[in-house]
Amino acid sequence: MDLIGLKYIIVGAGLWGSVLAERIATILGQKVVVIDKRDHIGGNSFSKINDETGIEFHCYGTHIFHTKIEKVWDYFNQFTDFTNYQHKVLTQYKNCIYSMPINLATINQYYGLNLHPFEVENFITRENSTSQVKNPANLEEKAISLIGAPLYEAFIKGYTQKQWEIDPKLLPADIITRLPVRYNYNANYFNDPYQGLPRNGYGNFFKKILSHPNISVHLNVDYFQIRNLIPADCKVIYTGPIDRLLDFKYGPLDWRSVRFEKEVVDVVDYQGTSVLNFADLEIPFTRVHEFKHLHLERNYLETNIYPKTLLFKEYSKKYSPHYDPDPYYPINDKANNEKHQLYLKEITNTLPAFLIGGRIGQYCYWDMDRAVENALDTFENIFKKKV
Ligand code: UDP
């Protein structure tokens, strides 16, 4: 890896880092080195083909690209064509299968009713008459205000406790507003007008975005092993956890991580859908991914060609910076957000060559489109101005 005279190095070949690398290479016409300690590009969005089944899988759990941001959609479309996959999730509660996010089908099935859309609001208000919260301040209060206590107890409470291992009263309300609540039978997981999967997979999408001749990618490279070799005037665009940059001096940031149990099953179709959530607290995993349902246009359900199926059972766990390679979800409570700000402020003041970016660096619970939008905006605001 040649770092002499280098002006830009990006630490982390995830979505944010890849977009920034592409912009610097294409628009600024500058050479940029991208390093990643993993053995692949694409961060947590990476996908590849499983040798045993021939099925493409998302190495870090199902990632659906969805957005309402035109410029992000246009940007992505320069590098990949999209399938018309529309994500629909089911959830299991007490051995019955329901539609998720909560919609009229979920509500009617749960209560054994046949409510019409115009009747649901009054129904939920009546459900909430004993527990009305004026200004919902946390995840639990917010969820109850939207769907009532019984639906919250059934579909949200157990799942949330498994995923976060924190009392839902201590979690920010906006985690739950990621999920729509609908008084009709629309069972789409997302509301966004643009949605799909890269037709040739995320792996190929990332190869394309990083294919500019000004970009050189170096995998299995740990920034902390090579940082002394980076020229002093090189901009270090860092997308990893920022507490380590200052030796955890304000204490480690808290994260959730996940562990996947991989299983190949000798049936064509195991669960009939790509993601099945498990709401019961007693079932230790949160969801099961069955990847072949993400690309049915590839004839993955043809018995003769793909007789087996690949599953990932997802278990949520606490992240430890010393033992776990992968932080997934920031725990954006007040204490952690303040700690992140302390780190950021000190890095800005004492390490002027650094720019902190990405979902991990910025400690944000972003979907993929928000990461791309932020990378594009960062480029416009910080780098392009200097041309
Ligand atoms: N959630 C839930 N039950 C579900 C699905 C989601 O309670 O069946 C809650 C849970 O608190 C979760 C949040 O909704 O953290 C956001 O879910 P989302 O599917 O957006 O999470 P992600 O896909 O990012 O893991």
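If you read the sequence from its start, that first residue is 1, and numbering goes on from there. Remember, it's 1-based here, ligands and their atoms both numbered in the order they're listed.
- Here the options are Ile107, Val120, Asn188, Thr106, the test is side chain to side chain contact (heavy atoms under 4.5 Å, CB included), and the partner is Arg182; only Asn188 passes.
- Take Asp367 and apply the salt bridge (charged side-chain N to carboxylate O under 4.0 Å, His left out) test, not counting sequence neighbours, and it matches Arg178.
- More than 12 heavy atoms of other residues, nucleotides or ligands lie within 6.0 Å of CG in Asp233, so this atom counts as buried by the packing criterion.
- Taking the six-membered ring for Trp and the full ring otherwise, Phe155 and Tyr93 have centroids separated by under 6.0 Å.
- Residues passing the side chain to side chain donor-acceptor pair (under 3.5 Å) test with Asn108 are Tyr185, sequence neighbours excluded.
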Identify all N/O pairs between ligand 1 and the protein with a separation under 3.5 Å and present them as a table of atom names and distances.
{"from": "ligand 1", "atom 1": "3 (N)", "to": "Phe155", "atom 2": "O", "distance (Å)": "3.1"}
{"from": "ligand 1", "atom 1": "7 (O)", "to": "Ile156", "atom 2": "O", "distance (Å)": "3.3"}
{"from": "ligand 1", "atom 1": "7 (O)", "to": "Thr160", "atom 2": "OG1", "distance (Å)": "3.1"}
{"from": "ligand 1", "atom 1": "8 (O)", "to": "Asn277", "atom 2": "ND2", "distance (Å)": "2.9"}
{"from": "ligand 1", "atom 1": "11 (O)", "to": "Thr160", "atom 2": "OG1", "distance (Å)": "2.8"}
{"from": "ligand 1", "atom 1": "15 (O)", "to": "Gln163", "atom 2": "OE1", "distance (Å)": "3.2"}
{"from": "ligand 1", "atom 1": "15 (O)", "to": "Trp164", "atom 2": "NE1", "distance (Å)": "2.8"}
{"from": "ligand 1", "atom 1": "19 (O)", "to": "Tyr189", "atom 2": "OH", "distance (Å)": "2.5"}
{"from": "ligand 1", "atom 1": "20 (O)", "to": "Arg178", "atom 2": "NE", "distance (Å)": "2.8"}
{"from": "ligand 1", "atom 1": "20 (O)", "to": "Arg178", "atom 2": "NH2", "distance (Å)": "3.2"}
{"from": "ligand 1", "atom 1": "21 (O)", "to": "Tyr365", "atom 2": "OH", "distance (Å)": "3.0"}
{"from": "ligand 1", "atom 1": "23 (O)", "to": "Arg287", "atom 2": "NH1", "distance (Å)": "3.3"}
{"from": "ligand 1", "atom 1": "24 (O)", "to": "Arg178", "atom 2": "NH2", "distance (Å)": "3.1"}
{"from": "ligand 1", "atom 1": "24 (O)", "to": "Tyr365", "atom 2": "OH", "distance (Å)": "2.7"}
{"from": "ligand 1", "atom 1": "25 (O)", "to": "Arg287", "atom 2": "NH2", "distance (Å)": "2.9"}
{"from": "ligand 1", "atom 1": "25 (O)", "to": "Tyr329", "atom 2": "OH", "distance (Å)": "2.5"}

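- Every residue two or more places apart in sequence or in another chain that forms a side chain to side chain contact (heavy atoms under 4.5 Å, CB included) with Val268 is listed here: Lys292, Leu301, Thr303.
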